[in-house]
Amino acid sequence: MLILRIDIYFLAAIVSPAALGTYGIALQVVTIVKKVRQSFDPILEPVISQTVKHASIQNVGKELSQVSYWIFSIQALIFTLLFFYGEALLGLFNISGHEAHLALLLLIGAIIIQGSFGLSELIFLYKKPGINPVLSSVILIFHAALCYYMSVNFGIIGAAASLLISYVITEIIRLILVKYFFNIFPLEATMLKPIVMSALLFAFLTLLSSLMELQSAAGLLLGIIGGIFVYFLSFLIIAQKKERFILLKKLRIKKS
């Protein structure tokens with residue numbers, strides 16, 4: 001919680017109230033992305049605790065990899081849409097400018113790294129509970145120094161970038177420690193699929209932007225609805241049979 005709030009404390013002393021308000025609104029928008037990971041927690045934590053207790057650590061790694069894949073798939077869709085429509089969304093709060101949009105994208109990137117690639121913290125929670133607080137303490141000190149420096153020099157963009165950098169370093173260290181202590185890597189090549197799907201969505205929206213104004217009513221309608229359709233279709237093409245079955249079952253398109 002302190003890592004997520006320390007940028008606000010620094011910005012309050014460094015930037016103007018207007019810039020701080022812009023950053024605060026961006027944080028509220030980021031909550032949409034954060035909810036994706038949080039929606040998995042009520043089921044994920046008890047399942048992982050039971051798997052750790054009754055199954056091998058390799059099975060835990062596979063389960064975490066699968067959940068990471070689903071979280072990343074949803075978050076990557078949101079990120080790509082907000083890459084094109086983030087300014088319009090911020091405009092609803094009377095916020096304009098590329099600086100606010102860039103800060104929003106950096107914050108979303110940080111939450112994606114923490115939410116999609118940070119599930120290995122659950123392994124330490126049940127197997128080596130001392131690791132997480134020690135790592136968090138070290139990263140807090142690093143993030144505080146980095147956030148202050150970047151906020152002074154780059155304002156709200158610097159604060160957002162410092163959070164992204166801190167989370168990237170945190171999850172890299174955590175993955176290295178998981179490999180060292182348990183000889184598993186709770187991420188698989190399937191994590192590349194959402195990147196491919198996002199690239200196809202990016203190409204679609206780029207093409208659409210050359211034909212019409214994305215911020216217009218028609219651009220919003222075709223871009224968002226059409227973009228979700230393109231992403232969903234690319235998922236059905238790229239995904240394995242089991243993944244398609246799970247998604248269609250969740251959407252109640254396919255009976256169990």
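Quick note: numbers below take in every heavy atom, side chains included, and nothing from hydrogens, waters or symmetry partners.
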Any link between [X] and [Y] through a network of hydrophobic side chains (Ile, Leu, Val, Met, Phe, Trp, Tyr) touching at under 4.5 Å?
{"X": "Y180", "Y": "F182", "result": "yes"}
{"X": "L207", "Y": "V230", "result": "no"}
{"X": "L211", "Y": "F229", "result": "no"}
{"X": "L164", "Y": "V138", "result": "no"}
{"X": "I25", "Y": "L92", "result": "yes"}

(request) For residues Y167 and F117, establish whether the separation of their ring centroids is below 6.0 Å. (result)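 No, the ring centres sit 6.0 Å or more apart.
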(message) Assess the residue pair D7 and Y23 against the criterion (side chain to side chain contact (heavy atoms under 4.5 Å, CB included)); give the C-alpha distance rounded to whole Å, side-chain angles, the decisive distance to 0.1 Å, and a yes or no.
(response) CA-CA 10 Å; D7 48 357; Y23 193 80; 2.5 Å; yes
What pairs of donor and acceptor atoms, side-chain ones from residues 94-112 against any protein atom, are under 3.5 angstrom apart with sequence neighbours left out?
unit_1 : atom_1 : unit_2 : atom_2 : d
H98    : ND1    : E87    : OE2    : 3.0
H101   : NE2    : L82    : O      : 2.9
H101   : NE2    : F83    : O      : 3.4

(message) Ignoring hydrogens, what is the shortest heavy-atom contact between S166 and L146? Give both atom names and the distance.
(response)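 Answer, listing the atom of S166 first, then L146: OG-CD2, 4.2 Å.
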(message) On a heavy-atom basis, which atom in Y85 and which in G219 lie closest, and how many Å separate them?
(response)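 Heavy atoms of Y85 and G219 come nearest at OH-O, 2.7 Å.
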Around atom [atom1] of [X], are there more than 12 heavy atoms of other residues, nucleotides or ligands at under 6.0 Å?
{"X": "Y149", "atom1": "OH", "result": "no"}
{"X": "K62", "atom1": "NZ", "result": "no"}
{"X": "L221", "atom1": "CG", "result": "yes"}

So, do [X] and [Y] sit near enough that their side-chain heavy atoms are less than 4.5 Å apart?
{"X": "L20", "Y": "P17", "answer": "no"}
{"X": "L81", "Y": "L205", "answer": "yes"}
{"X": "T22", "Y": "L90", "answer": "no"}
{"X": "V33", "Y": "F79", "answer": "no"}
{"X": "P186", "Y": "L175", "answer": "yes"}
{"X": "V67", "Y": "E63", "answer": "no"}

Would you tabulate the side-chain donor-acceptor contacts of residues 195-204 under 3.5 Å, counting partners in other chains and residues two or more places apart, or write 'none'?
unit_1 : atom_1 : unit_2 : atom_2 : d
S198   : OG     : T80    : OG1    : 3.4
S198   : OG     : P194   : O      : 2.9

Donor-acceptor check, side chain of [X] to backbone of [Y], threshold 3.5 angstrom: yes or no?
{"X": "S216", "Y": "M212", "result": "no"}
{"X": "S151", "Y": "Y148", "result": "no"}
{"X": "S116", "Y": "I113", "result": "no"}

Distance check, rounded to the nearest 0.5 Å: [X] atom [atom1] versus [Y] atom [atom2]?
{"X": "Q215", "Y": "F84", "atom1": "CD", "atom2": "CZ", "value": "10.5 Å"}
{"X": "I238", "Y": "T190", "atom1": "CD1", "atom2": "OG1", "value": "12.0 Å"}
{"X": "S162", "Y": "I157", "atom1": "OG", "atom2": "CD1", "value": "12.0 Å"}
{"X": "Q75", "Y": "K35", "atom1": "CD", "atom2": "NZ", "value": "13.5 Å"}
{"X": "I228", "Y": "L233", "atom1": "CD1", "atom2": "CG", "value": "13.5 Å"}
{"X": "I169", "Y": "F142", "atom1": "CD1", "atom2": "CZ", "value": "3.5 Å"}

Listing, residues 118-131 side-chain donor-acceptor contacts under 3.5 Å, not counting sequence neighbours, or none:
unit_1 : atom_1 : unit_2 : atom_2 : d
E121   : OE2    : R37    : NH2    : 3.0
Y126   : OH     : E45    : O      : 3.1

(request) For the pair S73 and K193, evaluate side chain to side chain contact (heavy atoms under 4.5 Å, CB included) and give the outcome as yes or no after the intermediate values. (result) CA-CA 8 Å; S73 296; K193 293 180 182 179; over 6 Å; no
(request) Apply side chain to side chain contact (heavy atoms under 4.5 Å, CB included) to L64 and I184, showing your working. (result) CA-CA 11 Å; L64 290 180; I184 61 171; over 6 Å; no
(request) Give the C-alpha distance, both sets of side-chain angles, the deciding distance and a yes or no for side chain to side chain contact (heavy atoms under 4.5 Å, CB included) between Y9 and L2. (result) CA-CA 10 Å; Y9 302 148; L2 194 54; 4.1 Å; yes
